[in-house]
Amino acid sequence: MKTLKYALPLTVMALLVFGVGAAFAEDETPPCPDGPGGRGNGVGLLAAYEDDIHQALADALGISLSDFEAARADGQTLANLAATYDVELESLFEAMDTARAEVVAQAVEDGTITQELADWMLAHQGARRGLASQAGMGMHGSGRPR
């Protein structure tokens, strides 16, 4: 059982890295400074805004930010939290998408990312969450699986 606990997240992460990358290989990722050679996907650039996304998720669950972050630190996925607090998982994804769109807009306004990168990130956020949702893994507030 312990092997499954670690194998499933690693498998899902591999699918996300290789599957999403292959699915969007024809789409050129706008250049940004958060990856090797400046060709990342921009997710790391939103780390400064992560609390805003976490707060939106905590609000959707009806819990405090500190309770949300403690649960996530304990390894709880969004799917687990949705079940625990009797909230539809899709509602959490909608809250995350809305908060992420606001964060991305703020990052553009702050000059952290370009509008081109913001457009690309928002256009591709659904694919990442779709794969994680199918695996029951849940997503980290920034859109990255945990």
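Just so it is clear, the structure is predicted and the values come from calculations on it, not from any experiment.
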Polar contact flag, side-chain donor to acceptor under 3.5 angstrom, Asp59-Gln55: yes

Flag, side chain of Asp97 to backbone of Glu94, donor-acceptor distance under 3.5 Å: no

Phe68 to Ala58 - nearest heavy-atom pair and separation: CB-CB, 3.7 Å

Between OH on residue Tyr49 and CD1 on residue Ile113, distance to nearest 0.5 Å: 8.0 Å

Gap between atom CD of Glu69 and atom CD1 of Ile63 - 0.5 Å precision: 10.0 Å

Nearest heavy-atom neighbours spanning Ala60 and Val87: O-CG2, 3.8 Å

Leu92 CG to Leu61 CG distance, which is reported to the nearest 0.5 Å: 4.5 Å

Glu116 side, atom CD; Asp119 side, atom CG - distance, nearest 0.5 Å: 8.0 Å

Asp52 and Gln106: CA distance, side-chain angles, deciding distance, side-chain contact (heavy atoms from CB on, under 4.5 Å) verdict: CA-CA 11 Å; Asp52 296 331; Gln106 185 63 52; over 6 Å; no

Min side-chain heavy-atom separation Arg72-Leu57 under 4.5 Å: no

Heavy-atom closest contact (His54 atom, Leu65 atom, distance): CB-CD1, 3.5 Å

Separation between OG1 of Thr77 and CG of Leu89, rounded to the nearest 0.5 Å: 8.0 Å

